[in-house]
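Below: one structure, written as structure tokens.
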Amino acid sequence: MPAHPLSDPSRYLPQAIEERWQRHWRELDLDDTPEQGEGEPCYALSMFPYPSGSLHMGHVRNYVITDVYARVQRMRGRRVLHPMGWDAFGLPAENAAIERGVNPADWTEQNIAQMRSQLQRLGLSIDWKREIATCHPDYYRWTQWLFLQFLDAGLAYQKEASVNWDPIDQTVLANEQVDGEGRSWRSGAKVEKRLLRQWFLRITAYADALVDDLPSLTGWPERVRTMQANWIGRSEGAELRFSVVAPDGSAVAEPISVFTTRADTIYGATYLVLAPDHPRVESLTSPEEALAVAAFCDLVTGQSEQERTAEDRPKRGVPLGSYVINPASGAKIPLWIADYVLADYGTGAVMGVPAHDQRDFLFARRHELPVRQVIIPEGSNAEAYLGEAWTQEGVLIESERFNGLSSAAARQAITAAASAEGWGQARRQYRLRDWLISRQRYWGCPIPVVHCPSCGVVPVPAKQLPVELPRDVAFSGKGASPLAQLEDWVNVPCPRCQGPARRETDTMDTFMCSSWYYLRYSDPHCSTVPFRREAVNQWLPVDQYVGGIEHAILHLLYSRFFTKVLRDRGLLGFGEPFERLLTQGMVQGITYRNPHSNRYVAPADVSDPNDPRDPISGELLEVSYDKMSKSKYNGVDPAKVIETYGADTARMFILFKAPPEKDLEWDDADVEGQFRFLQRLWRLVDSCLQRGLTLAPLAVQAPAASEADRELRRAVHGAITAVQADLEGNLQFNTAISELMKLSNAMAGLIEAASPGVAQEALRSLLLLLAPFAPHLAEELWQKLGGDSDSGGDGDGAGSIHRQRWPVADAAALVRDTIPLVIQVKGKVRGSLDVPADADSATLEQLALASDIAQKWLEGQAPRRVIVVPGKLVNLVP
RNA sequence: GGGGGCAUGGCGGAAUCGGUAGACGCAGCGGACUUAAAAUCCGCAGGUCUCAAGACUGUGGGAGUUCAAGUCUCCCUGCCCCCA
């Protein structure tokens, strides 16, 4: 008769132990942040989630990675801050309000409660006493306070701007929230251009600092640094001024400036183009062209920036009827407007050099403008010119005093001449533009200013913060922001003159809220300032930040910007928020697609995974691993996995299956395999207990002498060394876990033959190494073995394995008497030989030459050359 | 088009400095236990040839440097990501 599973002590039942230990740890306040005491502070941070209501595998991966890091650091004696919070403002809450009539605040709170309890089942060592949510007034009060800091510093301003308007969500989007096809990142709608008065943060003022500090971020992936540098897009060039000839032939006082990185091509400029919304278009349009120009401007207004600048689109434009003078050659060239020139990029005007710019070339050909070649490839002649733009560097021709110069030399010479003669100067240009932060939405942080007819924009005084979101609001989903419709809330006295005034009804981009949350965790309940200087300077910069690559530009750039501004305001003692960054890969689910019907099939409906067939038509299905999503039926619910296998298996699997930065393919069979490993550990400890082996102090310490003892100690200390190496530098959890498997395999074979002291050391080390990865099982086995009775004299050690110190490898245990020496002949491995570990090169050479292997392969000849790599191999070259 | 990255068994992935390629796991195969199955335990396993011992071959393809190349250099092909 088999024993009842629950009463069978030889079975590992995670459900029976995990909740119990989680309760025990809470009672011990195990995860509290030690504000004082010994040990270096260490800040381990995961990117906080949006409280959508359900935890997905991407979250699990993110938080487990950070948790293992945090637990290892604690065991190594550091004081660790490991907090969690909620990026809680945003559109889904408001959409829920519109669709289902629930209050966004209530909806969000419910979701937070649900996700928190799901997270807690993972056994994360998070200090929940420091939990924050960006939608709570005691948090967003400080977001508003920080906004006022930006306002005071001249870094927040309002501007009438052509903005990205999302017709579905009825709101304005930042450039970063519009994808390459001109669609909203959230609704997927084609974005339109609209002219509205908006709030901006002057991130461009920090463009240089944001680029220049990138090389110092050595703990960041190269990829992310490159992406940020490209996003900022700094280029060195020149601003050149063209004087203007009005349609009636008269000179105009104000010249037009262009920015170019190719000042060397100035003699090739045969026309000049303004953006259709450039402020001078109207005044420089001749009466004859007025109708065509107005029609063209109308056409362009409806297009997104991406549409206008796409390379594969025809370059459309119309002439204004005015002319400008090429400042270098003195030639009179026509002035045009074209859709591919953007008003807010550079000066809103570009010089057209068709011979040396592909876009200009296409435009010139379409509109029959002259092409004038002024650069030739070095070593060629002018005749070699083909029917395409020559966009590379070369040597100047047809450029008067600059003929014969190289492109690089000419850029300097021409810029210097322009500067001396007053028609230009060197200039830096950025792709980055100011950050649009206004949102015409309810569920966001209100912008704390009042518009007064007599005083203008007046900041809400700090002591009146927060400007609270009113709770009772009607959500129709149409027209203006719900806040704008609340007259009671909108109408307030001006803080300065007390006259009637109106509140700002825009709320902030949620990226504002998430640009400083990592500072708040240092003292999350402080009610006098957003963060105390001593607290942030103690804990920050963040030692290890973990999150998805999708934030490589948005969140990570904004956070760096905030940090630098706050440093310059004297509020922080550092200029970069995140010292080390790990961008974890996606979790992908097995995806079955019918290539004929183009429909997805749920894995549960596929009866034989080795021969996947459509359950209806019987057609062969295509198998791939894709990002988990509802529409592909390929999602795996973390709650179900925890229910079936326990949190420890989920944690181990997710860490073992792939290196953290790589995409991870979820595979049920591999999860099963991971569960089996934990069961083997359980049985290993169980069999030790059966034989009376525990972690209780031994009365007599027998000297470790047997071969089994030496071998076991070698395995133990080899594992400690290897795991240590995997956790330093790049966090290689996958190989760390494989080392644990190797150790457990070795112990299964050796522990019975080992003496009690050595066996104890092995058990103890295995469990300590396991503790960060599978905290519940490690604790259970530790307590079963009576580990606390052997807490090594550390008074703090009692109560939990998680208060123990990380094991230290004993180098002496790794020493071997003999090692296998590889014998190569002409670089090919021909065999190996056991040799004394401490043999010197000369001895190794002699041993190798005397070996049977050498006899066989050298056929009695003396080798021409012998290479000895001590401890590794001997290569004999005949 | 520009920038960045990747390519290793049936699969996920290992392999500090150039030094025994394929650790660890999944799937597979064989065996033990069992009436049987599951679970568990033991073993095999890159490919080709061979009864075997063994030999040859092998890290996307091609060249090069080296005593020695998955690792370094150049070229090509394919895939992924970012920006256009």
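Order of the sequence lines sets the chain letters (A, B, ...), proteins ahead of strands, with each chain counted from 1.
- Looking only at atom types and distance, the side chain of A:T843 has a donor-acceptor partner in the side chain of A:D840 under 3.5 Å away.
- Under the 3.5 Å distance criterion, the side-chain polar atoms of A:W666 are left unmatched by any main-chain donor or acceptor of A:V671.
- Rounded to whole Å, the distance from NZ on A:K657 to P on B:C26 is 11 Å.
- A:D663 pairs by the side chain to side chain contact (heavy atoms under 4.5 Å, CB included) definition with A:M586, A:Q588, not counting sequence neighbours.
- B:A36 and B:C49: their C1' atoms are spaced 41 Å apart (whole Å).
- For the C1' atoms, the distance linking B:C74 with B:U65 amounts to 11 Å, nearest Å.
- Closest to the side chain of A:L873, out of B:A23, B:A14, B:G19, is B:G19.
- Among B:G25, B:A84, B:A14, the nucleotide with an atom closest to any side-chain atom of A:M741 is B:G25.
- Put simply, CG on A:L214 is 18 Å from P on B:G3, counting in whole angstrom units.
- Dashed line: the shortest gap from a side-chain N or O of A:N734 to OP1 or OP2 of B:A14 is under 4.0 Å.
- In this structure, A:K662 places its NZ atom 10 Å from P of B:C6, rounding to the nearest Å.
- The gap from the P atom of B:G70 to that of B:G60 amounts to 10 Å, rounded to the nearest Å.
- In this structure A:S407 satisfies the side chain to side chain donor-acceptor pair (under 3.5 Å) test together with A:D264, sequence neighbours excluded.
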Dot-bracket encoding of pairs in RNA chain B, which uses [ ] for pseudoknotted crossings and | for another strand, Watson-Crick or G-U under 3.5 angstrom: (((((((..(((......[....))).(((((.......))))).((((....))))..(((((..]....)))))))))))).
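- RNA chain B lies under 4.0 Å from at least one heavy atom of each of the following residues of residues 664-674 of chain A: A:E665, A:A669, A:D670, A:G673.
- The CZ atom of A:F677 sits 8 Å away from the P atom of B:G25 (whole-angstrom rounding).
- In this structure, the salt bridge (charged side-chain N to carboxylate O under 4.0 Å, His left out) partners of A:K742, at least two apart in sequence or on a different chain, are A:E739.
- When the P atom of B:C26 is taken as reference, atom CG of A:L678 falls 12 Å away, rounded to whole Å.
- The distance from atom CZ of A:F733 to atom P of B:G13 is 17 Å, rounded to the nearest whole Å.
- Judged by the 6.0 Å and 45° rule, A:R431 forms a cation-pi pair with A:W231.
- Residue whose closest nucleotide on RNA chain B sits further toward the 5' end, between A:I549 and A:P659: A:P659.
- With sequence neighbours left out, the salt bridge (charged side-chain N to carboxylate O under 4.0 Å, His left out) criterion links A:R428 to A:D208, A:E236.
- Across B:G19 and B:A32, the matching C1' atoms stand 41 Å from one another, rounded to whole Å.
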Any protein N or O atoms within reach of nucleotides 40-47 of chain B? Criterion: under 3.5 Å, listing atom names and distances.
unit_1: B:U40; atom_1: O3'; unit_2: A:R683; atom_2: NH2; d: 3.3

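- Distance A:I232 CD1 to B:C83 P: 14 Å, rounded to the nearest Å.
- Taking syn as a glycosidic angle within 90° of 0, B:G31 does not qualify and is anti.
- Using modelled atom types, one finds no donor on one side chain facing an acceptor on the other under 3.5 Å when comparing A:T818 with A:D834.
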What's touching nucleotides 65-68 of chain B from the protein side, N or O pairs under 3.5 Å?
unit_1: B:C67; atom_1: OP1; unit_2: A:R865; atom_2: NH1; d: 2.8
unit_1: B:C67; atom_1: O2'; unit_2: A:N875; atom_2: ND2; d: 3.3
unit_1: B:C67; atom_1: O2; unit_2: A:N875; atom_2: ND2; d: 2.4

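- Within 4.0 Å (heavy atoms only), A:V822 reaches at least one base atom of the nucleic acid.
- Every residue meeting the salt bridge (charged side-chain N to carboxylate O under 4.0 Å, His left out) condition with A:R225, not counting sequence neighbours, appears here in chain and number order: A:E222.
- Remark: the separation of the C1' atoms in B:G30 and B:A69 is 37 Å, to the nearest Å.
- Side chain of A:N875 to main chain of A:G827: a donor-acceptor pair is present (N/O by atom type, distance under 3.5 Å, no hydrogens or angles).
- Atom C1' of B:G62 sits at a distance of 27 Å from the matching atom of B:A14, rounded to the whole Å.
- A:Y340 and A:D360 share a side-chain donor-acceptor pair at under 3.5 Å.
- Checked against side chain to side chain donor-acceptor pair (under 3.5 Å), A:R593 has the following partners two or more places apart in sequence or in another chain: A:N598, A:E622.
- Distance noted for atom P between B:A27 and B:G22: 22 Å (whole Å).
- Annotation: B:A45 and B:G10 have their P atoms spaced 16 Å apart (nearest Å).
- Residues satisfying the salt bridge (charged side-chain N to carboxylate O under 4.0 Å, His left out) criterion with A:D212, sequence neighbours excluded, are A:R234.
- When atom types are taken as modelled, the side chain of A:N634 and the backbone of A:S629 share a donor-acceptor pair closer than 3.5 angstrom.
- Distance CZ (A:R225) to C1' (B:C82): 16 Å, rounded to an integer number of Å.
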List the atom pairs, with distances to 0.1 Å, where a side-chain N or O of residues 649-657 of chain A and a protein N or O form a donor-acceptor pair under 3.5 Å, not counting sequence neighbours.
unit_1: A:T649; atom_1: OG1; unit_2: A:Y645; atom_2: O; d: 3.3
unit_1: A:R651; atom_1: NE; unit_2: A:F773; atom_2: O; d: 2.9
unit_1: A:R651; atom_1: NH1; unit_2: A:D67; atom_2: OD2; d: 2.8
unit_1: A:R651; atom_1: NH1; unit_2: A:L122; atom_2: O; d: 3.1
unit_1: A:R651; atom_1: NH1; unit_2: A:G123; atom_2: O; d: 3.2
unit_1: A:R651; atom_1: NH2; unit_2: A:D67; atom_2: OD2; d: 2.7
unit_1: A:R651; atom_1: NH2; unit_2: A:P772; atom_2: O; d: 2.9
unit_1: A:K657; atom_1: NZ; unit_2: A:D670; atom_2: OD2; d: 2.4

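- Closest contact between the side chain of A:K872 and the listed nucleotides B:G3, B:G19, B:C81 involves B:G19.
- Looking at heavy-atom distances under 4.0 Å, A:Q228 makes no contact with the nucleic acid at all.
- When all heavy atoms of A:G548 and A:Q584 are compared, the closest pair comes out as N-OE1, 3.7 Å.
- For B:C41, the base adopts the anti conformation, since its glycosidic angle falls more than 90 degrees from zero.
- Taking side-chain N and O atoms only, A:R431 has a distance below 4.0 Å to OP1 or OP2 of B:A84.
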